[in-house]
**Q** 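The structure's right below; bear with me while I get my questions together.
Throughout, residue positions are numbered sequentially from 1 according to the sequence presented. Keep in mind that what you see is a predicted model, and the values were worked out from it rather than measured.
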Amino acid sequence: MKVTICGAGRTGHLNAVLFKQNPGIDVSVLTTSATVAARWASGGDLWQAVTRDGRTLSARPDYSGTDPSAALDNADMVLITQPAQARSALLHRIAPYLPTDKSVYIGAIPGFCGFDWLAAKVLSGRDNVVIWGMKDVPHIAYDLIAGQRVRMGGAKAELFVALDRRESAASAAALMEMLNRIYEAPVNLLKDYLEITLTPGNALMHPAVLYALIGPGAPWEKRPFDEALCWWSDCPQAGAELLEACDAENQAIRRASEARLGIDLSSVKPLQQELIEAYGDQIGDDRTMYTLLRTNRAYAGIPAPLVPNPHGPGLVIDRGSRAFHEDIAFGQALLVTMAERLEATVPAIAKTYRWACDYHGKLAAGTPDYVPADWPEAA
């Protein structure tokens with residue numbers, strides 16, 4: 001089986017190494033990094049993944065480069081690990097090179113921000129393409145040295161995937177067989193792709209913490225940070241409380257979707273429950289959202305996006321972070337759009353979204369252009 005991974009970042013690198021631990025798996029990595037491509041072409045060192053217990057797993061991808069025709073030749077599965085803002089351009093780039101003589105399973109990890117809608121729009125007319133997504137990343141990955149090494153954080157106890165509504169039961173069965181071959185954790189099939197789209201995650205989590213750190217009345221609203229801090233082990237109480245409010249509104253969107261579409265989205269659980277089920281005994285204190293975030297060992301050491309202050313001493317939030325360009329411009333924007341169309345009230349989500357757009361000043365605003373204009377009526 002040939003798996004093509006689009007993206008040599010943390011998730012792409014880690015998955016490439018893990019997949020190559022399985023016999024009979026051919027792994028190609030399509031990257032935009034000329035440095036990573038040149039290192040692989042020169043026969044450089046093996047790619048490594050350092051586990052939580054200090055072991056080092058090593059592997060060499062069968063291909064790593066910038067040529068989509070080489071990366072996608074005879075691919076059975078394509079995994080897209082790039083952020084949401086890069087996926088449209090990527091899909092347009094790879095579409096001409098996808099095999100046409102067999103089914104090709106194209107999925108996003110994670111599959112949030114309406115990936116099913118995007119892929120269905122870009123790949124319309126390609127009946128051999130099977131569109132799917134994964135609910136979350138299988139492992140936390142961090143401390144990447146591109147094309148060389150990455151560290152593996154906490155792993156999910158179970159993995160969940162969903163297919164676009166157009167896909168058949170036979171395609172679902174084939175996908176599950178392929179995924180269970182390359183992942184150690186059991187893979188479960190969800191009933192509807194909205195279970196992924198509405199899964200509480202970064203589109204709720206990162207904006208809430210940013211607002212609590214640098215938003216109106218926040219401790220660092222008008223001054224730089226003195227030192228680096230972590231997203232979660234340093235999460236302020238106000239951030240956890242705002243996150244709880246946003247999570248409750250996400251549940252309101254879920255209930256409105258169920259009522260309008262007549263579907264069961266009960267797998268979309270409150271965030272605190274999701275995290276407890278995902279990380280289990282890696283969490284030291286799960287009594288509240290605040291204690292859970294600060295004591296989750298799987299999240300320990302994940303840095304907040306800070307860069308040197310260009311106007312003086314200290315550090316400031318990086319406006320180039322995925323927290324803005326993915327989680328807010330796509331993730332939050334999608335939730336706001338869905339809420340408006342479903343007539344669900346989401347004041348906390350809307351507040352953080354409007355503030356983030358104003359604070360950043362250069363985010364793409366409004367509904368992502370791939371959201372069907374007739375959703376939810378035509379769903």
**Q** Without swapping roles, check the side chain of Thr352 against the backbone of Ala208 for a donor-acceptor pair under 3.5 Å.
**A** no
**Q** Could you tell me the separation between the CG atom of Asp45 and the OG atom of Ser42, rounded to the nearest 0.5 Å?
**A**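 One finds 9.0 Å between CG of Asp45 and OG of Ser42.
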**Q** Measure the CG-CD distance between Asn202 and Gln332 for me, rounded to the nearest 0.5 Å.
**A** 11.0 Å
**Q** Answer yes or no: is there a side-chain heavy-atom contact under 4.5 Å between Trp132 and Met77?
**A** yes
**Q** Does CD belonging to Gln148 count more than 12 external heavy atoms closer than 6.0 Å?
**A** yes
**Q** Ile106 and side chain to side chain contact (heavy atoms under 4.5 Å, CB included): which partner among Val122, Val130, Ile80, Asp164?
**A** Ile80
**Q** So does Cys230 get a backbone contact from the side chain of Asp234, meaning a donor-acceptor N/O pair under 3.5 Å?
**A**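 The answer is yes, because a donor-acceptor pair under 3.5 Å joins these two groups.
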**Q** Please walk me through it: do Thr11 and Thr81 pass side chain to side chain donor-acceptor pair (under 3.5 Å)?
**A** CA-CA 7 Å; Thr11 297; Thr81 63; over 6 Å; no
**Q** Taking His325 for its side chain and Arg319 for its backbone only, find out whether a donor-acceptor pair lies under 3.5 Å.
**A**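 Yes.
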**Q** According to a 4.5 Å side-chain heavy-atom criterion applied to Ile, Leu, Val, Met, Phe, Trp and Tyr, with indirect links allowed, do Leu14 and Ile145 form part of one hydrophobic cluster?
**A**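 No, Leu14 does not connect to Ile145 through the hydrophobic network.
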**Q** Pairs in or reaching into residues 290-316: which pass salt bridge (charged side-chain N to carboxylate O under 4.0 Å, His left out), with residues at least two apart or in two chains?
**A**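 Listed once each, the pairs would be none.
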**Q** Could you tell me whether Arg322 atom CZ has more than 12 heavy atoms of other residues or ligands within 6.0 Å of it?
**A**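 Yes, the 6.0 Å shell around CZ holds more than 12 heavy atoms from other groups.
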**Q** Is there a side-chain contact between Cys246 and Leu242 in this structure, where contact means two heavy atoms from C-beta onward sitting under 4.5 Å apart?
**A** yes
**Q** Return yes when atom NZ of Lys102 has more than 12 non-hydrogen atoms of other residues, nucleotides or ligands closer than 6.0 Å, and no otherwise.
**A** yes
**Q** Tell me if the centroids of the rings in Trp355 and His360 come within less than 6.0 Å of each other.
**A**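 Aromatic pair excluded; centres sit 6.0 Å or further apart.
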**Q** Please check if the side chain of Asn309 supplies one atom and the backbone of Pro313 the other of a donor-acceptor pair under 3.5 Å.
**A**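 Answer holds: yes.
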**Q** Taking Asn180 for the side chain and Met176 for the main chain, is one N or O donor matched with an acceptor at less than 3.5 Å?
**A**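 It does hold such a pair.
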**Q** Can you confirm whether the side chains of Tyr353 and Asp358 place a donor and an acceptor under 3.5 Å from each other?
**A** no
**Q** List the steps and the verdict of side-chain contact (heavy atoms from CB on, under 4.5 Å) for Ile131 and Glu167.
**A** CA-CA 7 Å; Ile131 298 169; Glu167 310 303 354; 3.8 Å; yes
**Q** Establish, yes or no, whether a centroid distance under 6.0 Å links the rings of Tyr193 and Phe115.
**A**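 No.
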**Q** Which atom pair, heavy atoms only, marks the closest approach of Val137 to Pro110?
**A**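 Closest heavy-atom pair between Val137 and Pro110: CG1-CD, 3.8 Å.
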**Q** Tell me whether Glu177 at atom CD has more than 12 heavy atoms from other residues, nucleotides or ligands lying less than 6.0 Å away.
**A** no
**Q** Can you find a heavy atom in the side chain of Leu163 that is under 4.5 Å from one in the side chain of Leu189?
**A**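 Yes - at least one pair of side-chain heavy atoms lies under 4.5 Å apart.
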**Q** side-chain contact (heavy atoms from CB on, under 4.5 Å) for Met205 and Asp247? Distances and angles first, verdict last.
**A** CA-CA 9 Å; Met205 297 173 74; Asp247 184 46; over 6 Å; no
**Q** Please tell me whether Leu271 and Ile140 are part of a single hydrophobic cluster in this structure, the criterion being side-chain heavy atoms less than 4.5 Å apart.
**A** yes
**Q** Is a side-chain donor or acceptor of Glu326 paired with a backbone partner of Ala84 at a separation under 3.5 angstrom?
**A** yes
**Q** Keeping to residues at least two apart or across chains, list the side chain to side chain donor-acceptor pair (under 3.5 Å) pairs with something in residues 16-35.
**A**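 As it turns out, the side chain to side chain donor-acceptor pair (under 3.5 Å) pairs with a partner in residues 16-35, which skip direct neighbours, are Lys20-Asp62.
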**Q** Treating Arg223 as the side-chain partner and Pro219 as the backbone partner, does any N or O pair qualify as donor plus acceptor under 3.5 Å?
**A**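 Side chain of Arg223 to backbone of Pro219: a pair is present.
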**Q** Establish whether Met178 and Val187 are linked, either directly or via other cluster members, by ILVMFWY side-chain heavy-atom contacts under 4.5 Å.
**A**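 Cluster IDs for Met178 and Val187 match.
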**Q** For side chain to side chain donor-acceptor pair (under 3.5 Å), just list the numbers for Ser267 and Glu195, CA-CA rounded to whole Å, side-chain angles, deciding distance to a tenth of an Å, and then say yes or no.
**A** CA-CA 7 Å; Ser267 76; Glu195 295 174 84; 2.4 Å; yes
**Q** Check whether Lys2 reaches the backbone of Ala71 with its side chain - one donor and one acceptor, N or O, closer than 3.5 Å.
**A** yes
**Q** Quick check for you: to the nearest 0.5 Å, what is the distance between Asn250 atom CG and Thr199 atom OG1?
**A**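 Here the rounded value is 8.5 Å.
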**Q** Measure from the ring center of Tyr279 to the ring center of Tyr299 and say whether it is less than 6.0 Å.
**A**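 Yes - the distance between ring centres of Tyr279 and Tyr299 falls below the 6.0 Å cut-off.
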**Q** Let me see the working for Leu79 and Thr4 under side-chain contact (heavy atoms from CB on, under 4.5 Å), right down to the final yes or no.
**A** CA-CA 6 Å; Leu79 300 185; Thr4 298; over 6 Å; no
**Q** Verify the ring-centre separation between Trp220 and Phe225: is it less than 6.0 angstrom?
**A** yes
**Q** Would you find a donor on one side and an acceptor on the other, under 3.5 Å apart, between the side chain of Lys191 and the backbone of Leu265?
**A** no
**Q** Can Trp117 be reached from Val268 by stepping across I, L, V, M, F, W or Y side chains whose heavy atoms are under 4.5 Å apart?
**A**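 Same cluster: Val268 reaches Trp117 through Ile, Leu, Val, Met, Phe, Trp or Tyr contacts under 4.5 Å.
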**Q** Answer yes or no: is there a side-chain heavy-atom contact under 4.5 Å between Val50 and Met152?
**A** no
**Q** What do the steps show when you test Glu249 against Arg254 for salt bridge (charged side-chain N to carboxylate O under 4.0 Å, His left out), and what is the final call?
**A** CA-CA 9 Å; Glu249 294 173 3; Arg254 172 188 69 81; over 6 Å; no
**Q** Are Tyr105 and Ser103 close enough that some pair of their side-chain heavy atoms sits under 4.5 Å apart?
**A**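 A side-chain contact exists here, since the closest heavy-atom pair is under 4.5 Å.
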**Q** Decide whether a cation-pi geometry holds between Arg341 and Trp375; the criteria are a distance under 6.0 Å from NZ or CZ to the six-membered ring centre and an angle within 45° of the ring axis.
**A** no
**Q** Supply the atom-to-atom distance Asn15 CG to Ile182 CD1, rounded to the nearest 0.5 angstrom.
**A**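 Atom-to-atom, Asn15:CG and Ile182:CD1 are 7.5 Å apart.
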**Q** Evaluate the criterion salt bridge (charged side-chain N to carboxylate O under 4.0 Å, His left out) for residue pair Glu377 and Arg260; output intermediate values, then yes/no.
**A** CA-CA 8 Å; Glu377 285 76 13; Arg260 180 74 67 87; 3.7 Å; yes
**Q** When you measure from the side chain of Arg52 to the backbone of Arg151, do you find a donor-acceptor pair of N or O atoms at a distance under 3.5 Å?
**A**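 Judged by distance alone, no pair lies under 3.5 Å.
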**Q** I need the His92 NE2 to Leu123 CG distance, nearest 0.5 Å.
**A** 8.5 Å
**Q** Contact between Leu198 and Leu335 at the side-chain level, heavy atoms closer than 4.5 Å - yes or no?
**A**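 Yes, close enough: below the 4.5 Å cut-off.
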**Q** Taking NZ, NE, NH1 and NH2 as the nitrogens, is one of them in Glu158 or Lys135 under 4.0 Å from a carboxylate oxygen of the other?
**A**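 Answer for the salt bridge query: no.
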**Q** Name all residues meeting the salt bridge (Lys or Arg N to Asp or Glu O under 4.0 Å) criterion together with Asp286; count only those two or more places apart in sequence or in a different chain, and write none if there are none.
**A**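 Salt bridge (Lys or Arg N to Asp or Glu O under 4.0 Å) check on Asp286 returns nothing, list empty.
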**Q** First locate atom CD of Gln82, then atom CG of Leu30, and finally report the distance between them rounded to the nearest 0.5 Å.
**A**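 Here the rounded value is 7.5 Å.
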**Q** For residues Cys113 and Tyr370, determine if any side-chain heavy atom of one lies less than 4.5 Å from a side-chain heavy atom of the other.
**A** yes
**Q** With side-chain contact (heavy atoms from CB on, under 4.5 Å) as the criterion, how do Thr367 and Glu340 come out once you've worked through the C-alpha distance, each side chain's angles and the decisive distance to 0.1 Å?
**A** CA-CA 11 Å; Thr367 306; Glu340 289 175 348; 5.6 Å; no
**Q** With clusters defined by side-chain heavy atoms of hydrophobic residues (ILVMFWY) lying less than 4.5 Å apart, directly or transitively, does Ile5 cluster with Phe112?
**A**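 Each belongs to a different hydrophobic cluster.
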**Q** Indicate the ring-plane relationship of His13 and Trp47, choosing parallel, tilted or perpendicular according to the 30° and 60° boundaries.
**A** parallel
**Q** Taking the side chain as every heavy atom from C-beta outward, state whether Leu144 and Arg149 have any atom pair closer than 4.5 Å.
**A** no
